[in-house]
Engineer: 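Would you mind keeping the following structure in view while I ask a few things?
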Number of protein chains: 2
Amino acid sequence: MTFTPKGEARRDALLDAVLRVLARDGSGGISHRAVSKEAGVPLAAATYYFESLDDLYVSALKRATAEQVALFEGLVSGDLRQFAEALYDWVYRDRGAAIAQYELMFLGMRRDALREDAEHWYRSLECALDPQGQHPEHARLVSMGVDGLLLRMMWLGEPATVDAVEATVRDLISATTSAS
Amino acid sequence: MTFTPKGEARRDALLDAVLRVLARDGSGGISHRAVSKEAGVPLAAATYYFESLDDLYVSALKRATAEQVALFEGLVSGDLRQFAEALYDWVYRDRGAAIAQYELMFLGMRRDALREDAEHWYRSLECALDPQGQHPEHARLVSMGVDGLLLRMMWLGEPATVDAVEATVRDLISATTSAS
DNA sequence: TCCATTCTGGTACGTTTGTACCACAACATT
DNA sequence: AATGTTGTGGTACAAACGTACCAGAATGGA
C-alpha cells in the first residue's frame, strides 16, 4: 500500500471529501460516488485508493480524530480563554463538522477498528484539562462536563458566545475542583 | 392517517422493529426491508403505515425519545441511588440501544422534524435532576456532567458498577453545588 | 530507450434500495 | 346481504449502490 506523491495527494483529497460529505449530509451520505464527486475525481479512484468503503470511512475518521487530538493537545494548559475559544470555534465555525465528529465517535463504538482512536480522542480532552496528570479524578469530572457542554452547544446553540462558553468552562472547573 | 386497532398494532410492531434494528446495526442498518423482516410483516406493510422511510425513522425516534423522557421524569427526585441505577441499566442492559438513542440525537440535529423532541429529551434530564426548577444553573452543570458520564460509560465501559456510577453522580452533584 | 510499475477513467454487473401498484381479503356500516 | 373503506401481500421498477474489470496513459528506474 505505497503510493506516489501524486497518488498520495489524490488519496488525501478523497479523505478531505469524506469529511465534507460527512459534515454536509451525515454518515448516511457517504458512498463511493458521493465522495469521489465531492473530491472531483473519477469513481474508480475511490476504489483504487481504498480497498473498501469501510476502509475509506475508517481512514477518514482516523485522520479527523488525529486532527482533533492535535488541537486539544496543542492548547496551552490552564489557558481557559484559549480553551473556550477552541470549543467555540469547533462547534460554531462548522456545526456540521462538529456533529460529524460525534457521529463518528458513535460509529467507533460499533467498529473495533475505530475504538482505539476514539478512546484516544476522548482521553486527549482530559489531557488538555490536566496536562501534568496531577488531578486525574478532577480532570475526569471536568471532561464529562465539557463533553456535555459540547453536546449542549451543538444541540441548543447555547452558550452562544465565547464569553459564555468560557464562563461555563470556568464554572465546571472551579466547581469540581472542590471535589477532586 | 387513522388506523384500525389491528393496524395500529402492526404499526407499533414496525416501530419496535426499528428500534431493534437500530440497536443491532446502527442507523445505517435501517431500511424498509430490514425493518419489515425484523417485525415479521411483509415489505408492503412498512410502506403502507409510513409514507416514507423518513417518516418511519422519525416516528420511531419520537417514541423512543418519549419513553426515555418518561423514564427520567418517573424518577423520584433526589433519590440518587435510583437515578444511578437507571443510568446503569440504560447503558449496560442494552448498550446497542443506548448508543442508538444518542445516534438518534445526532440525527435529530440534522432534521428539523426531530429537533423539538430531542430538546425535550435533553431537558427532561435536567428536570430529573432539579424537579422543582429551583436551581436551574446547578441542574445545567450537573446535566452536562451526567451527559458526559453516559458517553464515558458507553464508550469506555466505566464506571462499571452501580456503586461507582452512583459515586460519580454524587461527585458531580455535590461538586457543582458550590458553584450554583 | 525500454520496461515494469503505478495510476487513470470509463464501463459493466449483480444487489439492494425506496417506492409504486394491484388484485384481493377483511371489516364495518347501513 | 350489500357496499365502501381499510388492510394485505406479492410483484415490479428505476435508481443508486459496492465492487470488479480493463485498456491505456503516465511514470520512474535500468
Side-chain angles (χ1 to χ4, degrees), chain A residues 1-62 100 103-104 107 110-111 113-114, chain B residues 1-22 24-62 100 103-104 107 110-114:
Chain A
M1 296 298 159
T2 170
F3 303 106
T4 63
K6 213 160 83 175
E8 204 72 42
R10 220 174 206 204
R11 211 185 103 103
D12 281 348
L14 281 165
L15 291 179
D16 287 341
V18 171
L19 297 181
R20 284 199 302 275
V21 172
L22 216 41
R24 188 188 346 113
D25 304 322
S27 54
I30 299 290
S31 75
H32 280 134
R33 285 169 176 84
V35 172
S36 59
K37 188 176 188 177
E38 175 71 33
V41 301
L43 165 62
T47 65
Y48 179 76
Y49 288 101
F50 300 93
E51 54 180 45
S52 73
L53 186 64
D54 222 71
D55 186 22
L56 174 57
Y57 216 74
V58 169
S59 302
L61 169 58
K62 281 183 178 253
E103 285 178 321
L104 288 171
L107 223 134
R110 294 187 191 276
R111 296 176 188 233
L114 293 178
Chain B
M1 292 305 148
T2 169
F3 304 105
T4 62
K6 211 160 83 175
E8 204 73 42
R10 222 176 203 199
R11 211 184 103 103
D12 281 348
L14 281 165
L15 291 178
D16 286 341
V18 171
L19 296 182
R20 284 199 302 275
V21 173
L22 215 42
R24 188 186 346 110
D25 304 323
S27 53
I30 300 289
S31 74
H32 280 133
R33 285 169 177 83
V35 172
S36 59
K37 188 175 189 178
E38 174 71 33
V41 301
L43 166 61
T47 66
Y48 179 77
Y49 288 101
F50 301 93
E51 54 180 44
S52 72
L53 187 64
D54 224 69
D55 186 22
L56 175 56
Y57 218 74
V58 169
S59 302
L61 169 58
K62 282 183 179 255
E103 285 177 323
L104 288 171
L107 222 134
R110 295 187 189 277
R111 297 176 187 233
D112 289 344
L114 293 178

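In what follows, chains carry the letters A, B, and so on, assigned in the order in which the sequence lines appear, proteins first and then strands, with residues in each chain numbered from 1. Basis for what follows: all heavy atoms, side chains included, without hydrogens, waters or symmetry-related copies. Since the structure is predicted, the reported quantities are computational estimates derived from the model, not experimental observations.
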Engineer: Mind checking the CZ-OG1 spacing from A:Arg10 to A:Thr4? Nearest 0.5 Å is all I need.
Structural biologist: 10.0 Å

Engineer: Going by the rule side-chain contact (heavy atoms from CB on, under 4.5 Å), which residues pair with B:Glu51 if we only count those two or more places apart in sequence or in a different chain?
Structural biologist: B:Asp55

Engineer: Could you state the atom-to-atom distance from CG of B:Leu43 to P of C:dA20 in whole Å?
Structural biologist: 12 Å

Engineer: Name every donor-acceptor pair, under 3.5 Å, that has one atom in a side chain of residues 22-30 of chain A and the other anywhere in the protein, sequence neighbours excluded.
Structural biologist:
from, atom 1, to, atom 2, distance (Å)
A:Arg24, NH2, A:Glu38, OE1, 2.3

Engineer: Name every residue in residues 44-59 of chain A that has at least one heavy atom under 4.0 Å from any atom of DNA chain D, in order of residue number, or write none if there are no such residues.
Structural biologist: A:Thr47, A:Ser52, A:Leu53

Engineer: What are the residues of residues 12-38 of chain A, sorted by number, that bring a heavy atom to within less than 4.0 Å of DNA chain D?
Structural biologist: A:Ser31, A:His32, A:Arg33

Engineer: List, with names and distances, any nitrogen or oxygen atoms from the protein found under 3.5 Å away from nitrogen or oxygen atoms belonging to nucleotides 22-30 of chain C.
Structural biologist:
none

Engineer: Dot-bracket for DNA chain C, please. Rules: Watson-Crick or G-U, both distances under 3.5 Å, ( ) within the strand, [ ] when a pair crosses earlier ones, | for another strand, . otherwise.
Structural biologist: ..||||||||||||||||||||||||||.|

Engineer: The criterion is salt bridge (Lys or Arg N to Asp or Glu O under 4.0 Å); which residues satisfy it with B:Asp54, sequence neighbours excluded?
Structural biologist: B:Arg111

Engineer: Would you please name every residue forming a ring-ring contact (aromatic ring centres under 6.0 Å, His included) with B:Tyr49, sequence neighbours left out?
Structural biologist: B:Phe3

Engineer: Reading DNA chain D 5' to 3', which nucleotide is the first, and which the last, to come under 4.0 Å of any heavy atom in chain A?
Structural biologist: D:dC17 to D:dT27

Engineer: What is the distance from atom CG of B:Leu43 to atom NZ of B:Lys37, rounded to the nearest 0.5 Å?
Structural biologist: 12.0 Å

Engineer: What residue pairs, at least two apart or across chains, pass ring pair (Phe, Tyr, Trp, His ring centres under 6.0 Å) with a residue in residues 8-32 of chain A?
Structural biologist: none

Engineer: Below the 4.0 Å mark, does C:dG9 have OP1 or OP2 next to a side-chain nitrogen or oxygen of A:Arg10?
Structural biologist: yes

Engineer: Nearest heavy-atom pair of A:Ser36 and A:Pro42: which atoms, and what distance?
Structural biologist: CB-O, 3.7 Å

Engineer: My understanding is that only residues two or more places apart in sequence, or in another chain, count here; which of them pass salt bridge (Lys or Arg N to Asp or Glu O under 4.0 Å) with A:Arg33?
Structural biologist: none

Engineer: Run the side chain to side chain contact (heavy atoms under 4.5 Å, CB included) check on B:Leu15 and B:Leu56 step by step: do they pass?
Structural biologist: CA-CA 7 Å; B:Leu15 291 178; B:Leu56 175 56; 4.2 Å; yes

Engineer: Where is the tightest heavy-atom contact between A:Ala60 and A:Val18, given as atom of each residue plus distance?
Structural biologist: CB-CG1, 3.3 Å

Engineer: What's the shortest heavy-atom distance between B:Ala45 and B:Val41, and which atoms?
Structural biologist: CB-CG2, 3.9 Å

Engineer: Could you state the interatomic distance from CG (A:Leu14) to CG (A:Leu19), rounded to the nearest 0.5 Å?
Structural biologist: 11.5 Å

Engineer: Test of understanding: with salt bridge (Lys or Arg N to Asp or Glu O under 4.0 Å), list the residues that count as partners of B:Arg11, not counting sequence neighbours.
Structural biologist: B:Glu8

